[in-house]
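Presented below is the structure to which this report refers.
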Amino acid sequence: MEDKLLIYNTLTRKKELFKPLHSPNVGMYVCGPTVYGDAHLGHARPAITFDTLFRYLKHLGYKVRYVRNITDVGHLEHDADEGEDKIAKKARLEQLEPMEVVQYYTARYHKAMEALNVLPPSIEPHASGHIIEQIEFVDKILKAGFAYESNGSIYFDVPKYAKQFHYGELSGRNIEETLENTRELDGQDEKHHSVDFALWKKAQPEHIMHWPSPWSEGFPGWHLECSTMSTKYLGEEFDIHGGGMDLMFPHHECEIAQSTAALGHESVHYWMHNNMITINGQKMGKSLGNFITLDEFFTGSHEKLTQAYSPMTIRFFILQAHYRSTVDFSNEALVAAEKGLARLTDTYNRLLRIKPSAATSDNVSVAGLREKCEEAMQDDLNTPIVISHLFDASKSINLITDGKATISEADLAELKSTFEMVVNDILGLRLEGSAAGNNSAYKGAVDLLLEIRKQAKANKDWATSDLIRDKLAALGFSVKDTKDGFEWSL
RNA sequence: GGUCUCUUGGAUGAGUGGCUUAGUCACCGGUCUGCAAAACCGUUUACGGCGGUUCGAAUCCGCCAGAGACCUCCA
């Protein structure tokens with residue numbers, strides 16, 4: 001099998017040819033959500049980006065094991081004076097068992113992902129289900145000498161690690177400078193250095209989520225679950241690790257340090273990071289309070305939204321930008337995406353009805369479409385270019401529908417299969433609202449009405465013709481006349 | 001303050017030395033049409049500022065301006 005996909009590796013800051021460790025098998029780990037609230041547009045970006053990568057790798061013929069975690073422990077809340085677990089806080093506020101919070105938001109996350117046509121990962125491990133493995137991982141780091149115990153908590157010794165390994169290689173940070181620039185800690189801190197981070201934290205009395213360990217009743221540190229679970233399911237070395245750019249430091253840097261300290265070597269070959277979604281030029285995020293949840297997009301129930309946007313519009317909107325660029329949210333941009341998607345949907349439905357001719361005319365360009373799309377995908381998943389090729393194909397399809405061009409049977413088959421492959425399999429866009437729907441009786445009834453209207457038109461009975469169109473329109477159907485007939489959609 | 005990134009036309013968003021006026025949306029003109037919608041054809045506006053390298057720069061380098069991300073308490 002020939003490797004031809006170029007991906008941008010954050011580690012080297014270059015596009016590199018993707019070569020799996022054990023071709024055709026590919027291991028991929030992506031940081032999933034912390035389930036203490038509804039998913040917002042920012043969560044959709046990595047989900048869709050890496051879903052597209054997952055789909056494309058499979059399309060290339062690789063056998064992919066895609067692991068995306070659910071974070072349901074840890075992650076302290078920064079605005080609370082006594083560091084408090086996000087999930088525990090939510091549970092306390094709503095008077096629920098923490099696992100009720102986790103269960104509720106995990107289900108809602110899955111629902112939103114399904115709506116966005118994001119494929120489920122191969123394995124979706126929960127941090128809370130891997131406490132034993134995490135304790136073992138801490139133990140390995142302790143035995144390797146890169147961690148110390150302090151009052152029941154275990155901390156990673158970053159300066160010691162940095163003497164042997166390159167701490168900061170991913171984020172381009174200089175450890176000495178970081179040390180110098182960081183203010184002195186007050187004497188009561190358990191950590192030896194300000195740059196150290198927790199591997200295991202002793203629970204305070206008010207903490208409601210805690211587990212027994214050799215060191216204390218407590219909970220695992222914030223970065224540990226990803227090192228542990230990626231190692232467990234993908235091995236000590238694996239191909240791709242993805243996540244949002246905001247996770248690069250400290251989260252991913254700490255992951256590298258943990259894994260390297262425990263295993264004696266690095267784990268990840270290709271680090272990939274998607275960029276952020278901005279709103280008025282500022283990162284959309286929970287901590288900033290400027291986020292819009294996916295459900296609010298789907299229903300239009302947010303003051304910043306002028307209308308509802310379908311999940312496919314959101315997906316299309318995100319795919320129209322390259323994953324390493326920021327995308328700025330606005331109603332205008334989403335409306336534009338909605339219209340563009342509708343145009344693609346229309347042409348797709350027309351494509352299904354095209355009748356082939358003896359030959360393909362010169363103004364139709366189907367040759368090379370498949371190659372052009374593949375080429376764009378292979379160049380670090382350049383989905384906006386792929387989409388622009390689809391619009392080029394749309395132009396040809398519309399010309400044929402208008403009777404201004406013709407296509408041969410072979411070319412038509414190739415065009416159909418390419419279009420479907422790119423749209424459905426790679427981009428994961430469900431083009432819906434088609435007359436080629438699944439209920440044939442209902443479809444036949446609408447066709448019949450429009451046949452009657454066609455007769456009325458032939459008799460210049462405009463009253464009947466308009467009555468049918470207007471009543472159908474009132475029911476939500478849109479009717480468009482074509483050269484020798486009609487087409488409709490709901 | 002430190003580190004890094006970004007700045008393209010009315011909106012969005014590709015493009016990294018010449019062959020790109022990318023594409024989408026919007027606007028305008030036209031064709032088609034009983035009307036409408038759609039479609040098609042055509043037109044228009046761009047590379048933050050200043051300097052440098054080069055035969056040639058949106059694309060490389062420097063400076064300036066503006067914006068953003070991260071800086072271990074915390075995605």
Side-chain angles (χ1 to χ4, degrees), chain A residues 13 31 33-34 42-43 46 71 74-86 155-156 158 168 171-174 177-182 189 191 193-198 222-223 243-254 275-276 278 280-283 285-287 316-317 320-322 324-344 346-347 350 363 376 379 382-392 394-395 397-405 457 460-462 465-466 469-470 473 478-483 486-489:
Chain A
R13 299 186 186 249
C31 292
T34 305
H43 290 102
T71 297
H75 292 262
L76 298 184
E77 189 75 42
H78 76 287
D79 44 20
D81 284 344
E82 308 291 320
E84 189 175 10
D85 192 286
K86 280 175 177 170
Y155 291 95
F156 191 92
V158 172
S171 56
R173 232 158 272 259
N174 182 316
E177 279 179 13
T178 310
L179 270 173
E180 281 170 22
N181 287 333
T182 313
D189 204 293
K191 294 198 285 187
H193 321 92
S194 59
V195 289
D196 295 349
F197 56 91
W222 322 298
H223 315 298
M245 251 177 200
D246 53 342
L247 297 176
M248 228 161 91
F249 191 90
H251 185 58
H252 291 157
E253 200 71 70
C254 294
N275 215 319
M276 304 286 100
T278 59
N280 296 325
Q282 202 183 27
K283 174 182 159 185
K286 194 149 235 175
S287 55
F316 186 71
F317 173 66
Q320 260 193 315
H322 188 262
R324 283 191 288 115
S325 301
T326 56
V327 190
D328 198 53
F329 155 85
S330 70
N331 277 289
E332 203 181 356
L334 274 172
V335 168
E338 185 177 54
K339 288 188 182 172
L341 181 63
R343 193 173 134 105
L344 271 188
D346 284 348
T347 43
R350 284 175 197 136
N363 52 355
D379 185 15
N382 201 331
T383 53
I385 293 292
V386 173
I387 290 171
S388 82
H389 292 321
L390 288 178
F391 278 112
D392 288 345
S394 293
K395 194 166 268 191
I397 292 166
N398 287 326
L399 279 171
I400 297 164
T401 306
D402 278 359
K404 291 169 182 155
K457 279 175 65 186
K460 297 201 188 298
D461 179 3
W462 310 129
S465 145
D466 286 350
R469 185 177 63 193
D470 294 347
S478 108
V479 175
K480 295 166 192 166
D481 287 349
T482 60
K483 195 146 188 102
F486 53 80
E487 61 183 43
W488 61 271
S489 58

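We name chains A, B, ... by the order of the sequence lines, and we start the count at 1 in each one.
Not a single donor-acceptor pair, N or O on each side, falls under 3.5 Å between the base of B:A38 and the side chain of A:Arg343. The base of B:C35 sits within donor-acceptor range of the side chain of A:Asp481, with an N or O pair under 3.5 Å. Between the base of B:G34 and the side chain of A:Asp466 there is a donor-acceptor pair shorter than 3.5 Å. Applying the 3.5 Å distance criterion, the base of B:C4 shares no donor-acceptor pair with the side chain of A:Arg13. For A:Thr326 and B:G68, a side-chain-to-base donor-acceptor distance below 3.5 Å is absent, hydrogens and geometry of angles not being considered.
Of the candidate nucleotides B:A11, B:C70, B:A22, B:A22 has the atom lying nearest to any side-chain atom of A:Ile385. Proximity note for A:Arg469 (side chain, C-beta onward) versus B:C40, B:C35, B:G23: the nearest is B:C35. The side chain of A:Lys191 approaches B:C73 more closely than any other nucleotide in the set B:U12, B:A14, B:C73. Comparing B:U24, B:A11, B:C71 by their nearest atom to the side chain of A:Phe249 picks out B:C71. Distances were taken from every side-chain heavy atom of A:Gln320 (C-beta onward) to each of B:G23, B:C40, B:C71; the shortest belongs to B:G23. The side chain of A:Asn398 approaches B:A39 more closely than any other nucleotide in the set B:G13, B:A39, B:C73. For A:Ser388, taking side-chain heavy atoms from C-beta onward, the closest of the listed nucleotides B:A22, B:A38, B:C41 is B:A22. Nearest to the side-chain atoms of A:Lys480 among the listed nucleotides B:A37, B:U12, B:U24 stands B:A37.
Along RNA chain B, the nucleotide closest to A:Ala198 and the one closest to A:Asn382 are compared, and the more 5′ of them pairs with A:Asn382.
Across B:A36 and B:U45, the matching C1' atoms stand 31 Å from one another, rounded to whole Å. Taking the P atom of each, B:A26 and B:C41 are spaced 16 Å apart, rounded to whole Å. Between the P atoms of B:U7 and B:A58, the separation comes to 15 Å (whole Å). Spacing of P atoms, B:C70 relative to B:A11, comes out at 27 Å, to the nearest Å. Straight-line distance between the C1' atoms of B:C63 and B:G10: roughly 32 Å, to the nearest whole Å.
The two residues A:Phe316 and A:Leu344 make their nearest non-hydrogen contact at CE1-CD1, 3.8 Å.
Within 4.0 Å of A:Asn275, counting heavy atoms only, lies no atom of the nucleic acid at all. Residue A:Ser325 is classed as a sugar-phosphate contact, given heavy-atom separations below 4.0 Å to backbone atoms only. Residue contacts shown for A:His322 are limited to sugar-phosphate atoms, with no base heavy atom under 4.0 Å away. Using a 4.0 Å heavy-atom criterion, one finds that A:Val335 contacts no nucleic acid atom at all. Nucleic acid contact for A:Gln282: sugar-phosphate only, since backbone atoms but no base atoms lie under 4.0 Å from a heavy atom of the residue. If you check every strand for non-hydrogen atoms under 4.0 Å, A:His43 touches a base. As judged by a 4.0 angstrom heavy-atom cut-off over every strand, A:Lys460 is placed among residues making no nucleic acid contact.
Panel note: side chain A:Lys283, backbone A:Thr278; no donor-acceptor pair is recorded below 3.5 Å. Between the side chain of A:His193 and the backbone N or O of A:Val195 there is no donor-acceptor pair closer than 3.5 Å. Although no hydrogens or angles enter the test, the distance criterion places a donor-acceptor pair under 3.5 Å between the side chain of A:Asn398 and the main chain of A:Ser394. Not a single donor-acceptor pair under 3.5 Å links the side chain of A:Gln320 to the backbone N or O of A:Pro384.
In terms of phosphate contacts, A:Lys339 brings no side-chain nitrogen or oxygen within less than 4.0 Å of OP1 or OP2 of B:U12. Between A:Lys283 and the phosphate of B:C70, there is a side-chain N or O to OP1/OP2 separation shorter than 4.0 Å.
In this structure, A:Trp462 packs face-to-face on the six-membered ring of B:G34, meeting both the 5.5 Å centre cutoff and the 30° plane limit.
Rounded to whole Å, atom P of B:C32 lies 13 Å from atom CG of A:Asp402.
Nucleotide B:G1 forms a pair with B:C71, judged by Watson-Crick or G-U wobble geometry with both contacts under 3.5 Å.
A salt bridge links A:Arg469 with A:Asp466; the closest basic N to acidic carboxylate O contact falls under 4.0 Å.
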